[in-house]
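Values below: all heavy atoms of this structure, side chains included; hydrogens, waters and symmetry mates excluded.
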Amino acid sequence: MPRHEFRPGRAVAGLVMLTLAGGYAADAAGAWDAPWAFFAPVFLGGLWLAATATWVSYRARRRRQARRASAENSSAPGSTRVH
């Protein structure tokens, strides 16, 4: 049993940040002469990918929970039940 649910948006953001850190480190060490214009699109594209992954994961999780709730509920909906 996992301790917590998987968050793909955070994983994507972490990989992008590691890529940027590696690029900055290589540029600082002189191993790679990276133009500044390389880092901005990688950063913004990574944020966009992370946001997209988070949105897709959220929608899938909500859909899965709704299906599970409707399968477990065999009685009438709460608004039609007579008390």
Side-chain angles (χ1 to χ4, degrees):
M1 184 71 144
R3 290 181 162 191
H4 55 84
E5 59 186 293
F6 178 64
R7 303 276 180 146
R10 290 183 182 186
V12 169
L15 288 174
V16 168
M17 294 306 144
L18 283 173
T19 302
L20 288 172
Y24 276 119
D27 191 28
W32 181 41
D33 188 25
W36 69 270
F38 167 78
F39 295 104
V42 170
F43 176 71
L44 294 175
L47 286 180
W48 182 80
L49 282 174
T52 302
T54 299
W55 180 77
V56 168
S57 169
Y58 171 77
R59 297 291 297 175
R61 195 174 335 112
R62 291 250 340 231
R63 187 174 192 155
R64 186 173 40 242
Q65 288 172 350
R67 251 188 283 144
R68 187 178 305 136
S70 68
E72 292 174 355
N73 188 5
S74 59
S75 64
S79 60
T80 62
R81 226 179 327 191
V82 178
H83 295 285

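- Pairing each heavy atom of Thr54 with each of Gly9, the nearest pair is OG1-CA, 3.2 Å.
- Listed by chain and number, the residues in a side chain to side chain contact (heavy atoms under 4.5 Å, CB included) with Tyr58 are Arg61, Arg62 (sequence neighbours excluded).
- By the side chain to side chain contact (heavy atoms under 4.5 Å, CB included) test, Leu15 is found to be paired with no residue, residues two or more places apart in sequence or in another chain being considered.
- Within the model, atoms CG of Leu20 and OH of Tyr24 stand 6.5 Å from one another, a figure rounded to the nearest 0.5 Å.
- Within the structure, the salt bridge (Lys or Arg N to Asp or Glu O under 4.0 Å) test picks out no pair touching residues 8-25 (sequence neighbours left out).
- Contact of the Leu47 side chain with the Val16 side chain is not registered, since no non-hydrogen atoms from C-beta on lie closer than 4.5 Å.
- Residues forming a ring pair (Phe, Tyr, Trp, His ring centres under 6.0 Å) with Trp32 (at least two apart in sequence, or on another chain): Phe38.
- The other residues sharing a hydrophobic cluster with Trp55 are Val56, where clustering joins ILVMFWY side chains under 4.5 Å apart.
- Legend: salt bridge (Lys or Arg N to Asp or Glu O under 4.0 Å) pairs involving residues 11-30, not counting sequence neighbours: none detected.
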